[in-house]
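Quick notes on the structure that follows.
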Amino acid sequence: MALMITDECINCDVCEPECPNSAISQGAEIYEIDPNLCTECVGHYDEPQCQQVCPVDCIPFNPDVKESKEELMQKYMIISGKA
Ligand code: SF4
Ligand code: SF4
């Protein structure tokens, strides 16, 4: 399951540099997460780093993108060129 940023985002810029997969970028109005690049931080960290740093707690799991840990690890391997 990738993560998503809700419209409670205050554009504080804190999460973007924390993402090890460069999945976070500034969108038209608020920051956005590319579900094709988000691995829930699997392969890098035990916890989603963006969730840890967001001061307004507006980065929930995306219920529309369901993936197992194995699928997330496979995504990590492809993104990082190890697959
Ligand atoms: S959970 Fe990890 S990989 Fe996904 S957007 Fe947040 S920091 Fe990036
Ligand atoms: S840390 Fe939270 S409030 Fe700040 S830009 Fe990221 S999603 Fe928005």
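Hydrogens, waters and symmetry mates are skipped; everything else that's a heavy atom, side chains included, is used. Counting convention: from 1, in listed order, for ligands and their atoms alike.
Ile5 CD1 to Ser25 OG: the interatomic distance, rounded to the nearest 0.5 Å, is 8.0 Å.
Counting heavy atoms from C-beta on, the side chains of Ser80 and His44 never come closer than 4.5 Å. Here the side chains of Glu40 and Lys69 are in contact, with some heavy-atom distance below 4.5 Å. Using a 4.5 Å heavy-atom cutoff, the side chains of Glu16 and Ile24 are in contact.
Residue contacts with ligand 2 include Val56, since one or more of its heavy atoms lies under 4.0 Å from the ligand. At a 4.0 Å cut-off, at least one heavy atom of Pro55 sits close enough to ligand 2 to count as contact.
Each of the atoms 3 (S) of ligand 1 lies under 4.0 Å from some heavy atom of Asn21. If you number the atoms of ligand 1 from 1 as listed, the ones under 4.0 Å from a heavy atom of Pro48 come out as 1 (S). Ligand 2 places these atoms under 4.0 Å from at least one heavy atom of Ile59: 7 (S). Ligand-side atoms of ligand 1 in range of Thr39: 3 (S), range being under 4.0 angstrom from any heavy atom. For ligand 1, the atoms lying closer than 4.0 Å to a non-hydrogen atom of Cys41 are 1 (S), 2 (Fe), 3 (S), 7 (S). When each atom of ligand 1 is checked for a heavy atom of Ile24 under 4.0 Å away, the hits are 5 (S). Atoms of ligand 1 lying under 4.0 Å from any heavy atom of Cys19, numbered from 1 in the order shown and given with element: 3 (S), 5 (S), 7 (S), 8 (Fe). Within ligand 1, the atoms closer than 4.0 Å to a non-hydrogen atom of Ile33 are 5 (S), numbered from 1 in the order shown.
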Open item on the list: Go through it in stages, so that I can follow the logic: the residues are Val42 and Met73, the test is side-chain contact (heavy atoms from CB on, under 4.5 Å), and I'd like the CA-CA distance, side-chain angles, deciding distance and then a yes or no.
Closed with: CA-CA 6 Å; Val42 167; Met73 182 58 81; 3.8 Å; yes
- [ ] Report the C-alpha distance between Cys50 and Leu3 in whole Å, list the side-chain angles of each, state the deciding distance to 0.1 Å, and finish with yes or no for side-chain contact (heavy atoms from CB on, under 4.5 Å).
- [x] CA-CA 9 Å; Cys50 54; Leu3 276 70; 3.8 Å; yes
Open item on the list: Between Thr39 and Asn21, does the side-chain hydrogen bond (donor to acceptor under 3.5 Å, both in side chains) criterion hold? Intermediate values first, please.
Closed with: CA-CA 8 Å; Thr39 63; Asn21 295 327; 3.0 Å; yes
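Ile10 N, 3.4 Å is the protein heavy atom nearest to atom 3 (S) of ligand 2. Counting protein heavy atoms only, atom 2 (Fe) of ligand 2 is closest to Cys54 SG, 2.4 Å. The protein non-hydrogen atom at the shortest distance from atom 8 (Fe) of ligand 2 is Cys9 SG, 2.3 Å. In terms of protein heavy-atom proximity, atom 6 (Fe) of ligand 2 is closest to Cys15 SG, 2.3 Å. Atom 4 (Fe) of ligand 2 has Cys12 SG, 2.3 Å as its closest protein atom, hydrogens excluded (heavy atom only).
Backbone or side-chain N, O or S atoms of Cys58 do not reach atom 4 (Fe) of ligand 2 at under 2.8 Å. Residue Cys50 counts as close to atom 6 (Fe) of ligand 1, with an N, O or S atom under 2.8 Å. With 2.8 Å as the limit, Cys38 does not count as an N, O or S neighbour of atom 8 (Fe) of ligand 1.
The environment of CG in Asp46 is sparse: at most 12 heavy-atom neighbours from other residues, nucleotides or ligands sit within 6.0 Å.
A donor-acceptor pair under 3.5 Å links the side-chain atoms of Asn62 to the main chain of Asp64, judged by distance alone. Looking only at distances, no side-chain donor or acceptor of Lys75 sits under 3.5 Å from a matching main-chain atom of Leu37. Checking side-chain atoms of Asn11 against main-chain N and O of Glu29 turns up a donor-acceptor pair under 3.5 Å. When atom types are taken as modelled, the side chain of Gln51 and the backbone of Ile59 share a donor-acceptor pair closer than 3.5 angstrom.
Counting heavy atoms closer than 4.0 Å to ligand 2, residue Asp13 contributes backbone atoms (N, CA, C, O) but none from C-beta onward.
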